[in-house]
Amino acid sequence: LLHTCWIILLPCRWTEEELTLINSWAFQGERVIHGNPSGVDNAVATWGGALRYQSGKITPLKRVPMLRILLTNTKVPRSTKVLVADVKEKLLKFPAIMNPVLDSIDAISQECQSLLEAMPANPSPEDYPVLEELFDINQHHLNVIGVGHPSLDRLCQVTASHGLHSKLTGAGGGGCGITLLRPDTSLLAVEAAKEDLCACGFECWETNIGAPGVTLHSSSSLNTKVLHALGES
């Protein structure tokens with residue numbers, strides 16, 4: 001829209017001012033959907049890479065390798081507002097139990113950040129075991145605070161049967177989960193996992209973490225399938 005209205009022209013490279021404008025418009029879209037969003041989704045979509053969010057502050061990570069993941073949509077609808085309210089209620093009811101769990105989740109995030117920033121640009125399979133452990137621990141903690149869901153448990157069980165590690169992403173309570181794919185994960189293993197996940201009624205896509213941010217595509221660069229989908233929207 002910004003480009004169509006000539007507010008932003010086709011760039012060789014986005015300026016910081018243009019990225020800030022794009023991010024502010026994207027944030028308004030997030031507000032329509034979520035009411036009071038953190039701003040993380042639109043920020044990482046704008047600037048790319050990876051970000052750390054804590055106490056309302058968004059900080060870009062110094063350097064993050066490109067990580068292959070499988071993104072799975074359980075198709076289970078959920079309300080972010082309701083999930084956040086439920087976690088807050090548990091925190092008020094059981095502060096001595098919930099606060100240590102939340103502190104542990106924060107420690108996992110910090111450990112993950114340190115690990116990612118220390119990883120080479122092209123990680124080897126040897127760089128993954130600790131990250132996989134952190135995925136597993138984090139998923140258990142998220143179940144404890146009440147944002148898990150049987151569909152997400154099923155997702156983790158299915159991918160674990162293929163030697164893969166998964167966790168929920170986003171608000172939880174259904175929605176999506178991500179599965180870490182090592183560089184040496186075979187195409188056969190990925191396809192087998194996708195087949196089993198689809199058999200559960202889920203949808204799967206292979207994508208990357210740490211990818212570039214906002215990109216403007218010309219119609220000539222898009223394939224027929226994407227153009228058809230845009231024409232229907």
Side-chain angles (χ1 to χ4, degrees), residues 38 40-41 43-45 47-55 57-74 100-145 147-149 151-194 196-197 202-213:
S38 66
V40 168
D41 289 349
V44 76
W47 278 280
L51 306 172
R52 177 180 178 85
Y53 176 85
Q54 186 174 27
S55 303
K57 183 180 179 182
I58 299 174
T59 308
L61 271 63
K62 295 177 182 176
R63 51 181 297 277
V64 177
M66 189 84 77
L67 301 178
R68 290 174 62 209
I69 62 165
L70 191 63
L71 175 64
T72 301
N73 182 5
T74 66
V101 179
L102 294 174
D103 288 341
S104 185
I105 290 174
D106 180 59
I108 292 169
S109 298
Q110 292 186 47
E111 185 72 22
C112 186
Q113 178 178 342
S114 299
L115 181 64
L116 290 174
E117 291 182 336
M119 276 178 140
N122 297 304
S124 68
E126 290 72 28
D127 294 311
Y128 280 76
V130 174
L131 192 56
E132 290 171 338
E133 279 191 276
L134 293 175
F135 261 54
D136 295 340
I137 297 169
N138 185 241
Q139 177 61 23
H140 290 310
H141 280 41
L142 293 169
N143 274 329
V144 169
I145 67 173
V147 295
H149 189 272
S151 64
L152 293 164
D153 292 338
R154 182 60 182 149
L155 187 161
C156 292
Q157 291 165 0
V158 169
T159 55
S161 70
H162 294 278
L164 304 173
H165 300 256
S166 304
K167 65 176 292 296
L168 70 83
T169 184
C176 294
I178 55 174
T179 303
L180 192 61
L181 302 177
R182 293 189 182 201
D184 61 344
T185 303
S186 70
L187 178 62
L188 193 62
V190 175
E191 290 303 316
K194 288 169 68 174
D196 287 350
L197 289 167
F202 304 155
E203 283 186 301
C204 305
W205 304 271
E206 279 189 68
T207 185
N208 299 301
I209 292 177

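Hydrogens, waters and symmetry mates are skipped; everything else that's a heavy atom, side chains included, is used. Everything numeric in this text was worked out from a predicted model, so none of it was measured.
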If you round to the nearest 0.5 Å, how far is [atom2] of [Y] from [atom1] of [X]?
X: Phe135; Y: Cys156; atom1: CZ; atom2: SG; answer: 10.0 Å
X: Glu111; Y: Ser104; atom1: CD; atom2: OG; answer: 11.0 Å
X: Glu206; Y: Leu187; atom1: CD; atom2: CG; answer: 7.0 Å
X: Gln113; Y: Leu134; atom1: CD; atom2: CG; answer: 12.5 Å
X: Arg154; Y: Ser166; atom1: CZ; atom2: OG; answer: 12.0 Å

For the pair [X] (side chain) and [Y] (backbone), establish whether a donor and an acceptor sit closer than 3.5 Å, ignoring hydrogens and angles.
X: Arg68; Y: Leu180; answer: no
X: His149; Y: Ser151; answer: yes
X: Thr74; Y: Gly175; answer: yes
X: Asp127; Y: Ser124; answer: yes
X: Thr185; Y: Leu181; answer: no

Taking all atoms of both residues into account, what is the closest heavy-atom pair of [X] and [Y], and its distance?
X: Leu70; Y: Cys204; result: CD1-CB, 4.2 Å
X: Val64; Y: Ala50; result: CG2-CB, 3.7 Å
X: Ile145; Y: Leu102; result: CG2-CD2, 4.3 Å
X: Val158; Y: Ala193; result: CG1-O, 4.3 Å
X: Pro65; Y: Ala121; result: CB-O, 3.7 Å
X: His162; Y: Ala192; result: CE1-CB, 3.6 Å

Are [X] and [Y] close enough that some pair of their side-chain heavy atoms sits under 4.5 Å apart?
X: Leu152; Y: Leu142; value: no
X: Thr179; Y: Lys167; value: no
X: Leu164; Y: Val190; value: no
X: His141; Y: Ile108; value: yes
X: Asn138; Y: Ile105; value: yes
X: His165; Y: Glu133; value: no
X: Leu168; Y: Cys176; value: no
X: Leu197; Y: Thr159; value: yes

Chi angles and distances behind the side-chain contact (heavy atoms from CB on, under 4.5 Å) call for Ile178, Thr207: CA-CA 10 Å; Ile178 55 174; Thr207 185; over 6 Å; no
side-chain hydrogen bond (donor to acceptor under 3.5 Å, both in side chains) against Asp106, all qualifying residues, sequence neighbours excluded: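 Here the qualifying residues are Arg52, Gln54, Gln110.
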Neighbour count above 12 (heavy atom, 6.0 Å) for Asp184 CG: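 More than 12 heavy atoms, drawn from other residues, nucleotides or ligands, come within 6.0 Å of this atom.
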Pairs involving residues 169-178, ordered by first then second residue, that meet salt bridge (charged side-chain N to carboxylate O under 4.0 Å, His left out) (sequence neighbours left out):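 Checked against salt bridge (charged side-chain N to carboxylate O under 4.0 Å, His left out) - neighbours excluded - no pair reaches residues 169-178.
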Among Thr72, Asp196, Asn73, the one residue meeting side-chain contact (heavy atoms from CB on, under 4.5 Å) with Phe202: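 Passing option: Thr72.
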